Amino acid sequence: MSILHTVNKSPFEKQSLSSCVAHASHGDAVLMIEDAVYGAVSGTAAAAQLEENKNISIYALGPDLNARGLGEAKLAEGVNVVDYNGFVELAVEHDKTQSWL
Amino acid sequence: MSILHTVNKSPFEKQSLSSCVAHASHGDAVLMIEDAVYGAVSGTAAAAQLEENKNISIYALGPDLNARGLGEAKLAEGVNVVDYNGFVELAVEHDKTQSWL
Amino acid sequence: MNDMADTGEQTIKKFLYVNRKAPYGTIYALESLEVVLIGAAFEQDVSLAFLDDGVFQLMKGQDTADIGVKNFSPTYRALGDFEVTKLFVEKESLEERGLSEDDLMEITYEDEDDDWEEKPSIHLVNRSELAAVMAEQDVILSF
Amino acid sequence: MNDMADTGEQTIKKFLYVNRKAPYGTIYALESLEVVLIGAAFEQDVSLAFLDDGVFQLMKGQDTADIGVKNFSPTYRALGDFEVTKLFVEKESLEERGLSEDDLMEITYEDEDDDWEEKPSIHLVNRSELAAVMAEQDVILSF
Amino acid sequence: MKFGIVVNEGPYTHQAADTAYQFTKSVLEKGHDVYRVFFYHDGVNVGTRMTVPPQDERHIQRNWSELAEKYDLDMVVCIAAAQRRGIMDENEAKRQGLDGDNIAPGFRISGLGQLIEAGIQSDRLVTFGD
Amino acid sequence: MKFGIVVNEGPYTHQAADTAYQFTKSVLEKGHDVYRVFFYHDGVNVGTRMTVPPQDERHIQRNWSELAEKYDLDMVVCIAAAQRRGIMDENEAKRQGLDGDNIAPGFRISGLGQLIEAGIQSDRLVTFGD
């Protein structure tokens, strides 16, 4: 019974990514989309919180990273990049999705 | 040349109140309206940040406090309550307003 | 779909409504409540979660007269009549906001399986308990 | 109104556009830029501030093809042609986001008062310097 | 004193249109002038006459239209923002080949220059948004 | 696998309607089914046919209408949310005494029960919002 969590707000603006990670369970996945992909940049307080939590998988949506000028070189370790098809696959692989709006 | 700053988001959800206070200058006023009035509750991290800054005056909009069930007894020290007329007066007294949206 | 019970033609799923936003500043809390009320007619297994700023929805003493917006907080107290009786409120969220259970409305329901005894609908849970509630759902709706 | 200069019929005010939001996730950055472009025709004393997530608006290498949304970042580089030449970017906001000036687009203008020399439009300022910029304005627009 | 008011969010979804209304009403009742109310971003959605809120809720568009009539307010909906969001007056609808318009009484559609002008002409410009 | 999609924000202002569109397109192109797309909150504003975005920008309503036609999608606009925001089909406009409607092709107006039904009938319900 795992959850795909989606977050769409910048962690520097809103606390939804932080709350999401704090509520994710072992085996869950967190996918950052839209402005949440800023949370994938290495060396920030937001990235540190993601790295702390080793029980969940972390994804970021590639099209949103590209739109915002965030190349692979800027990403924190452990962040997996997927496209829209990968987003669909993640939704299929997990039993349900939860949007942290 | 003082500024009336308005903030309308909960400090527990967004960082706009925090950013506003960090950019307010001596003699400025900060008015919490709409969901920002949750920042006026005593004993929270948000209230502590407001209390730290002694150079600015802090206001909260009464109608929004009442709507949210926040009576005077719950408010942090130093928070002044105004109604819409008081909001207008604050806008008149300061040279300009800045909305932290 | 593992936890789904098929009773004849009727599918019963575990629905969780996640409330993370304050009332009045935005419409999400109100329109979420409207979904809960309509959803009650579908006889699913319904729970509500209140965390982050969502706990503010349950504050007692809301009086919206001066902002000219309808006060919809009494509706939470009527949820029991719609057989919506599981309201999980996160302790950590209350504490961070300088609140305790005393600041919340009293919300109860009459338990038809227990001689219509009046019971509290609000259950205070900590963060990891709430995570467990989320984990066991079939459908999670958040607005 | 103390700093307002009256030049005949023409009132010149100090306008500051405050940008605190990231591009694409919401439309505020784009529609703010549209105001700046239209506003340029009014020959006011215009400055732009980029702080908090607003600094993301200036990231180089933006490529929106895969999200199907128009890439409006080249417009910032054209601001000089509209005589919008003062872009204040807050250092602390960059640092908190793991960024440095090298991550930003190069934005320049040709200074008509200095033999059309090409000069940088972006000025890195720290938080207290930016607060001082805010303090000296007549009109502050933020979206 | 002369106020300019900017409303950046649509009706019901955000409180901004309500707060702006209460503020503007207080400005006027205190005897100040309102140079213009400018509706931008989703704020343009305040200016549709097609909203039908529940009977026990405030009617935001109507509140604004009545305030405009009482105080002869200039209420401007930004044309660029309105086009993106489907708010049209008769002229615009014709120009776009649409079969009808939806603008409410007291609102007019015009350009962003009207916002800048409000900034120049008003003693105070106050913005309400998300 | 059967998907339900919920869209909670209007066009252009938030990226939600775009992301939902790209996601839904991928779902369909990968051969999955979409039980229903439900538009709620400001999401109902996606369903007006009166938007006229700049020529070099995507046309969000048209994207959705075309996707619906190609894949025979069921796109439902919530009636309660639509009334608050001025989105009307012919029947509703008549019932409310309005002089015209603005709903776009491929969208239909119905009740919140359609959202619950999507939750019950879909294997996955995915929400896009602010």
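Chain letters run A, B, ... following the sequence lines, proteins first, then strands; residues in each count from 1. A quick note: this is a predicted structure, and the numbers were derived from the prediction, not measured. Computation of the quantities below employed the complete heavy-atom set of this structure, encompassing side-chain atoms and omitting hydrogens, waters and symmetry-equivalent molecules.
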Tell me if the [atom1] atom of [X] is crowded by more than 12 foreign heavy atoms within 6.0 Å.
X: B:E93; atom1: CD; result: yes
X: C:E129; atom1: CD; result: yes
X: C:E43; atom1: CD; result: no
X: C:R127; atom1: CZ; result: yes
X: B:H26; atom1: NE2; result: no

Where do [X] and [Y] come nearest, in terms of heavy atoms and distance?
X: B:T44; Y: C:R97; value: CG2-C, 3.6 Å
X: B:P63; Y: C:D66; value: CB-CB, 3.6 Å
X: C:D53; Y: B:S10; value: OD2-OG, 2.5 Å

Task: Which of C:S73, C:P23, C:A65 touches chain B most, by non-hydrogen pairs under 4.5 Å - done: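 Among C:S73, C:P23, C:A65, the one with the most close pairs to chain B is C:P23.
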Task: 4.5 Å side-chain heavy-atom contact, C:M59 and B:L70 - done: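 Counting from C-beta outward, C:M59 and B:L70 do come under 4.5 Å.
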- [ ] Would you please classify the geometry between the C:F56 ring and the B:Y38 ring as parallel, tilted or perpendicular, with 30° and 60° separating the classes?
- [x]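 Rings of B:Y38 and C:F56: parallel, as their planes differ by under 30°.
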TODO: Go through the steps for B:D35 and C:K21 under the test salt bridge (charged side-chain N to carboxylate O under 4.0 Å, His left out), then give the verdict.
DONE: CA-CA 10 Å; B:D35 286 347; C:K21 293 181 181 169; over 6 Å; no
- [ ] Could you go through the side-chain contact (heavy atoms from CB on, under 4.5 Å) check for C:T64 and B:R68 one step at a time?
- [x] CA-CA 8 Å; C:T64 60; B:R68 288 157 182 83; over 6 Å; no
- [ ] Calculate, to the nearest 0.5 Å, the distance between atoms CG and CG belonging to B:N66 and C:N71 respectively.
- [x]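 Reported value, rounded in 0.5 Å steps: 11.5 Å.
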- [ ] Could you grab the distance from atom CD of B:E34 to atom OH of C:Y24, nearest 0.5 Å is fine?
- [x]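 Going from CD on B:E34 over to OH on C:Y24, the span is 14.0 Å.
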